[in-house]
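Order of the sequence lines sets the chain letters (A, B, ...), proteins ahead of strands, with each chain counted from 1. Since the structure is predicted, the reported quantities are computational estimates derived from the model, not experimental observations.
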Amino acid sequence: MAYWLFKSEPAEYGIDHLEAEPQKITCWHGIRNYQARNLLRDNIYTKDLILFYHSSCKPTAVVGIAKVIASAYPDPTQFDEHSPYYDAKSSKDHPRWFCVDIQLHKKFAHPVELTHIKHNPKLENMVLLKQSRLSIQPVQEAEFNEIKKMARLVSNL
DNA sequence: GCCAACGTTGGC
DNA sequence: GCCAACGTTGGC
């Protein structure tokens, strides 16, 4: 089992939107970056756990934990001419973009803010601090556990 | 609103 | 394949 961090802009689609979905499940679509695409397509599997991160807001923070419930399949929005994520260069025979289904597992009572992540020496190697623009990134198990600890989340995973 | 870091595009 | 120009992300 592996750990990941997914970013979202709460003004567009944040943890409260996910929480409001039927079964708290959504299709994580619209990823249009090749590095993130490769992770989605090749490395992210059912049961993997996700740190759900809010970017471009105040404060930026890890706000909860989600779980992968379906591994990669072609992102349907790439074929939809009316979608902002439409890609004319993609085809159903050779889809360019992929998505996974995720389910909200825990919403933190105390989000773990980026400032605090930066000041925790145990988290100094997090990809978040090195390649901040990547919207889907790997997380070490120790980092995942440390974030959970910081959120004062009682572990029942 | 600014800007650093990075990704993409397109001419050559 | 190189690289300049441009676009985007995201923290501050």
Side-chain angles (χ1 to χ4, degrees), chain A residues 2-21 26-44 48-68 72-102 104-140 142-153:
Chain A
Y3 301 91
W4 310 96
L5 182 145
F6 282 21
K7 277 193 237 172
S8 79
E9 296 189 17
E12 294 295 319
Y13 189 97
I15 197 164
D16 292 335
H17 296 94
L18 178 55
E19 193 175 34
E21 300 280 3
T26 197
C27 161
W28 205 250
H29 66 272
I31 300 298
R32 297 292 181 270
N33 165 285
Y34 287 103
Q35 214 180 330
R37 188 278 311 266
N38 292 346
L39 291 172
L40 274 179
R41 188 189 57 190
D42 306 331
N43 300 98
I44 300 185
D48 284 357
L49 293 173
I50 299 160
L51 296 175
F52 197 93
Y53 180 84
H54 278 176
S55 66
S56 302
C57 63
K58 281 186 180 179
T60 55
V62 176
V63 293
I65 292 171
K67 191 192 295 188
V68 178
Y73 58 95
D75 179 344
T77 62
Q78 72 195 304
F79 307 122
D80 177 2
E81 288 182 40
H82 303 293
S83 167
Y85 300 111
Y86 177 65
D87 184 347
K89 292 178 182 168
S90 186
S91 72
K92 293 199 175 180
D93 286 343
H94 295 94
R96 182 180 285 190
W97 306 111
F98 291 82
C99 58
V100 298
D101 289 345
I102 69 170
L104 183 63
H105 185 81
K106 284 278 177 192
K107 183 175 161 181
F108 289 162
H110 303 283
V112 180
E113 296 181 21
L114 179 62
T115 340
H116 296 140
I117 292 174
K118 281 185 177 170
H119 287 106
N120 186 334
K122 290 180 186 167
L123 300 177
E124 66 185 4
N125 290 319
M126 276 191 81
V127 176
L128 186 64
L129 304 182
K130 309 194 160 200
Q131 234 183 310
S132 67
R133 293 185 48 186
L134 190 57
S135 60
I136 287 185
Q137 40 183 269
V139 171
Q140 300 298 313
E143 293 164 349
F144 184 89
N145 289 331
E146 183 65 17
I147 296 273
K148 268 203 323 189
K149 196 193 283 180
M150 289 169 79
R152 291 173 231 160
L153 180 70

Review point. A36(A) and I136(A): which non-hydrogen atoms are nearest, and at how many Å?
Key: CB-CB, 4.0 Å

Exercise for review: Measure across N43(A) and N38(A) and return the closest heavy-atom pair with its distance rounded to 0.1 Å.
Suggested key: OD1-O, 3.7 Å

Distance check needed: [N] [atom2] versus [X] [atom1], whole Å only.
X: I31(A); N: dG7(B); atom1: CD1; atom2: C1'; value: 15 Å
X: R32(A); N: dG7(C); atom1: CZ; atom2: P; value: 20 Å
X: L128(A); N: dA5(B); atom1: CG; atom2: P; value: 16 Å
X: N33(A); N: dT8(B); atom1: CG; atom2: P; value: 6 Å
X: K130(A); N: dG10(C); atom1: NZ; atom2: C1'; value: 19 Å
X: L114(A); N: dT9(C); atom1: CG; atom2: P; value: 18 Å
X: K7(A); N: dC6(B); atom1: NZ; atom2: C1'; value: 11 Å
X: L129(A); N: dT9(C); atom1: CG; atom2: C1'; value: 16 Å

Check your understanding: Hey, does the side chain of Q35(A) come within less than 4.0 Å of dG7(B)'s phosphate (OP1/OP2), counting only N and O?
Key -> yes

Check your understanding: Can you find a side chain N or O atom of Y53(A) that sits less than 4.0 Å from OP1 or OP2 on dT9(C)?
Key -> no

**Study point:** Side chain of E9(A) - closest among dG7(B), dG10(C), dT8(B)
**Key:** dG10(C)

Exercise for review: Please determine which of D87(A), T77(A), D75(A) meets the side-chain hydrogen bond (donor to acceptor under 3.5 Å, both in side chains) test together with W97(A).
Suggested key: D87(A)

Point to revise | Exceeds 12 heavy-atom contacts within 6.0 angstrom, atom CD of Q140(A) | key: no

